[in-house]
Amino acid sequence: MIFANIVIWDQILSALEWLLNHYHDALGNWGWSIVLLTFTIRLAMLPLTIRQFRSMAAMQVVQPKVKQLQNRYKGKTSREDKQKMQQELMQLYKEHNVNPFGSCLPLLVQAPVFIALNAVLRYHIHPTGSVSFLGIQNIFVKLNELPTAQEYILIALYVGSMLGSTLLFSFVTDKQQKYMLAAMPIIFVPFVLNFSTGVMIYWITSNFWTIGQQGMIKRTMGHRFPQPAPKGSSGKGGSSGKGAAASKGGGKPKPGAGNGKQPDEPASAAPPRRGSGRRSQQQSGGRSGQRRGGRKR
């Protein structure tokens with residue numbers, strides 16, 4: 001086994017075995033003991049989960065700058081350019097205090113737990129009494145050893161809960177990342193068939209825990225996470241700047257604006273109104289005609 005040579009492996013096995021036996025003595029049911037074990041492990045992982053939320057939120061904020069950096073080095077395939085891009089990318093993460101691997105910590109911690117729980121259920125615990133749970137006949141056998149109907153029900157619950165726990169992450173806005181997250185549960189189906197049914201109960205319970213935990217953390221701690229800047233505040237003088245200027249002026253031109261007149265110019269220098277010259281000419285022409293007519297008489 002891959003984890004057999006790890007020093008802490010025996011400690012993980014012993015802790016899981018002790019917890020399961022302890023919960024079974026209190027509850028008298030192996031299925032509910034696994035559910036309670038899931039709650040215990042997820043509570044212990046809560047600090048890592050909070051760091052995961054922070055890392056994913058910070059990655060979304062810095063993602064536009066990462067894309068600009070990648071576009072700058074697009075088409076450059078030399079080794080020096082690749083090394084320089086990696087250096088600038090790590091410097092960018094350092095400036096914004098972003099850990100690109102922070103979102104993977106819970107998954108890295110749970111992977112040994114999955115393997116250890118499977119080993120505990122199959123080799124370290126000798127169940128006594130009833131081993132059924134919520135219609136499942138035996139939670140200590142492999143998933144593909146169950147009756148077909150029970151196997152399909154567990155697979156459907158696994159895929160549905162995995163999709164809910166991954167796609168409900170509001171920080172993931174990229175379409176490609178969402179497609180990848182949606183495909184992961186289906187890709188893992190052939191692998192989970194060799195796990196114990198109790199491990200699947202643990203996995204499904206953990207996924208439902210994740211769904212509820214995400215909603216609670218977003219409501220209580222969402223204001224602490226870094227939020228991406230609005231699209232109109234890029235500082236390029238776009239539509240937001242024009243709208244702000246128009247709102248300040250109320251849509252009305254300032255006095256003297258548009259006609260070239262200075263604000264301190266006297267009022268007498270104002271140009272005459274249109275049509276006033278024509279009216280004065282018509283009036284003067286009419287008066288001169290009356291005078292001419294009077295002379296002829």
Check whether any side-chain heavy atom of [X] sits under 4.5 Å from a side-chain heavy atom of [Y], and report yes or no.
X    : Y    : value
S132 : N138 : no
L19  : I41  : no
Y73  : K84  : yes
I136 : I153 : no
L46  : Q213 : yes

For side-chain contact (heavy atoms from CB on, under 4.5 Å), just list the numbers for V66 and Y93, CA-CA rounded to whole Å, side-chain angles, deciding distance to a tenth of an Å, and then say yes or no. CA-CA 9 Å; V66 173; Y93 288 151; 4.1 Å; yes
Give a yes-or-no answer on whether the side chains of N207 and T210 include a donor-acceptor pair shorter than 3.5 Å. no
What I want to check is whether the side chains of T205 and R42 have a donor and an acceptor closer together than 3.5 Å. no
[X] and [Y]: which non-hydrogen atoms are nearest, and at how many Å?
X    : Y    : answer
H124 : L13  : NE2-CD1, 3.9 Å
L43  : P47  : O-CD, 4.3 Å
L16  : A116 : CD1-CB, 3.6 Å
T38  : S206 : CG2-N, 3.6 Å

Pairwise salt bridge (Lys or Arg N to Asp or Glu O under 4.0 Å) hits with a residue in residues 85-100, at least two apart: R72-E88
Salt bridge (Lys or Arg N to Asp or Glu O under 4.0 Å): pairs with one or both residues in residues 142-157, sequence neighbours excluded: none
Any donor-acceptor pair under 3.5 Å from E17 side chain to V120 backbone: no
Any chance you could measure [X], atom [atom1], to [Y], atom [atom2], to the nearest 0.5 Å?
X    : Y    : atom1 : atom2 : result
M200 : S161 : CE    : OG    : 7.5 Å
I34  : I204 : CD1   : CD1   : 11.0 Å
L117 : I201 : CG    : CD1   : 10.0 Å
M85  : Q70  : CE    : CD    : 6.0 Å
Q87  : L92  : CD    : CG    : 13.5 Å
L69  : K74  : CG    : NZ    : 14.0 Å

The single option from Y202, W209, F208 passing ring-ring contact (aromatic ring centres under 6.0 Å, His included) against F39: W209
Which residues share a ring-ring contact (aromatic ring centres under 6.0 Å, His included) with [X], sequence neighbours left out:
X    : value
Y158 : W203
F140 : W30
H22  : W18

Pairs under 3.5 angstrom only: tabulate donor-acceptor contacts from the side chains of residues 192-199 to other protein residues two or more places apart or in another chain.
unit_1 : atom_1 : unit_2 : atom_2 : d
S196   : OG     : N118   : OD1    : 2.9
T197   : OG1    : V141   : O      : 2.9

